[in-house]
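The block underneath contains the structure these notes are about, expressed in structure tokens.
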There are 2 protein chains.
Amino acid sequence: MKEPTFPDSPLADLCRERGLKLTGQRRTIAFVLSDSDDHPDVEELYRRAVEVDPRISIATVYRTVRLFEENGILQRRDFGGGRARYEVADGDHGDHYHLIDADSGKVIEFENPELDALLDNIVRGMGYDLVTTRLSVVGRKKAKPR
Amino acid sequence: MKEPTFPDSPLADLCRERGLKLTGQRRTIAFVLSDSDDHPDVEELYRRAVEVDPRISIATVYRTVRLFEENGILQRRDFGGGRARYEVADGDHGDHYHLIDADSGKVIEFENPELDALLDNIVRGMGYDLVTTRLSVVGRKKAKPR
DNA sequence: ATTGCAAATGATAATCTTTCTCATTAATAA
DNA sequence: TTATTAATGAGAAAGATTATCATTTGCAAT
Ligand SMILES: [Mn+2]
Ligand SMILES: [Mn+2]
Ligand SMILES: [Zn+2]
Ligand SMILES: [Zn+2]
């Protein structure tokens, strides 16, 4: 029974700070997430987690992403493939949006303070406070103008 | 066998124009859709369709919304309740966005040319042509300032 | 108006993602 | 170290959507 050994990730610390029980599986999933800079779905997270510690079930991955999301540790994204995708909340960079390449499916992140402000103003103008923005744009690469 | 009788809807005409076979069921679903000004999901469309003509199955509603969407007659929306919702493409009003009331779930439509332009510019600035914008904002009604 | 045929439909099975159940295991605090 | 309480694993169940296939129907050509 070889316990996998790896350092506690920033997310594992966050988990502890929120008073959540830090189990081996959560430590593993937190490690995998901290190590990712893309937007994996649950199946992909499971694949990565199993590589770190085979003693993990997909049910636990589902449970853990839900728990982390409820605690503001993870953000759930919907890029329209039928499965939820996840990324660390407030990673290095702050709030951001996503551009999806129509042909390759590649996800490109971007920030835009003007967009932040405009959305906030629009919603305020309608008598509401902005709670969540769900925005992704699909684009097709322009042919280089010769 | 009483055939339900109702006029051909604008969507039924569109269906014919695209060369799609205009079956009784499609005529009914088109009628129901033309008659709706909200964002029904498939179950709700089925309920409304059955009221017009009981000889219809939910499988056909699923097939028809897919067909209509593939042919640009309908737009599919995702407001995050797990089921797809539909509305007529290019109805009376042009492109628009959706504000969802966080407490009631009510969907409020809005247009904003400045937002249209900004998104277009952002995407273009990243070397892409804008194909689709998927945007909905969740907001909470502001307490009236006393 | 009839006929023929490809396409659509109804009923239901299958699929896919996510959640639930429950017996077993493990994390934390005393 | 032990006791307690929550988490886990494996698989069943749920919910939405698509697929299957025998039967029906729209419609174009007679
Ligand atoms: Mn920003
Ligand atoms: Mn979705
Ligand atoms: Zn991102
Ligand atoms: Zn709308």
Next item on the list: Would you list the pairs meeting ring pair (Phe, Tyr, Trp, His ring centres under 6.0 Å) in which at least one residue belongs to residues 8-44 of chain B, sequence neighbours left out?
Entry: Phe6(B)-Phe31(B), His39(B)-Phe79(B), His39(B)-His98(B)
Item checked: Members of residues 9-19 of chain A that approach DNA chain D, where some heavy atom sits under 4.0 Å away -> none
Output the rounded distance in Å from [atom1] ([X]) to [atom2] ([N]).
| X | N | atom1 | atom2 | result |
| --- | --- | --- | --- | --- |
| Leu22(A) | dA29(C) | CG | P | 12 Å |
| Asn71(A) | dA7(D) | CG | P | 11 Å |
| Tyr62(B) | dA14(C) | OH | C1' | 14 Å |
| Arg27(A) | dT28(C) | CZ | P | 11 Å |
| Arg83(A) | dT15(C) | CZ | C1' | 12 Å |
| Tyr46(A) | dC16(C) | OH | P | 17 Å |

Next item on the list: Apply side-chain contact (heavy atoms from CB on, under 4.5 Å) to the pair Tyr97(A) and Thr133(A), showing each step before the final yes or no.
Entry: CA-CA 9 Å; Tyr97(A) 307 99; Thr133(A) 300; 4.2 Å; yes
Next item on the list: Go through Glu51(B) and Arg47(B) one step at a time and tell me if the salt bridge (charged side-chain N to carboxylate O under 4.0 Å, His left out) criterion holds.
Entry: CA-CA 7 Å; Glu51(B) 226 157 305; Arg47(B) 268 177 239 121; over 6 Å; no
Check: Using a cut-off of 4.0 Å between protein heavy atoms and nucleotide atoms, how would you tag nucleotides 3-13 of chain C 5' to 3' with B, S and -?
Finding: ----SSBB-B-
Margin query: Whether Asp8(A) and Arg16(A) form a salt bridge (side-chain N of Lys/Arg under 4.0 Å from carboxylate O of Asp/Glu) is what I want to check.
Written below: yes
Check: For atom NZ of Lys141(A), is the number of surrounding heavy atoms from other residues, nucleotides or ligands below 6.0 Å larger than 12?
Finding: no
Checklist line | Neighbour count >12 (heavy atoms, 6.0 Å) for atom NZ, Lys106(A) | finding: no
Next item on the list: Evaluate the criterion side-chain contact (heavy atoms from CB on, under 4.5 Å) for residue pair Tyr128(A) and Val137(B); output intermediate values, then yes/no.
Entry: CA-CA 10 Å; Tyr128(A) 283 78; Val137(B) 293; over 6 Å; no
Notebook entry, point to check: Should Asp116(A) and Asp95(A) be marked as a side-chain contact (heavy atoms from CB on, under 4.5 Å) after you check the CA-CA gap, both sets of side-chain angles, and the distance that decides it?
Noted result: CA-CA 9 Å; Asp116(A) 301 343; Asp95(A) 280 351; 5.5 Å; no
Next item on the list: Return no unless some side-chain N or O of Arg66(A) is found under 4.0 Å from OP1 or OP2 of dC20(C).
Entry: yes
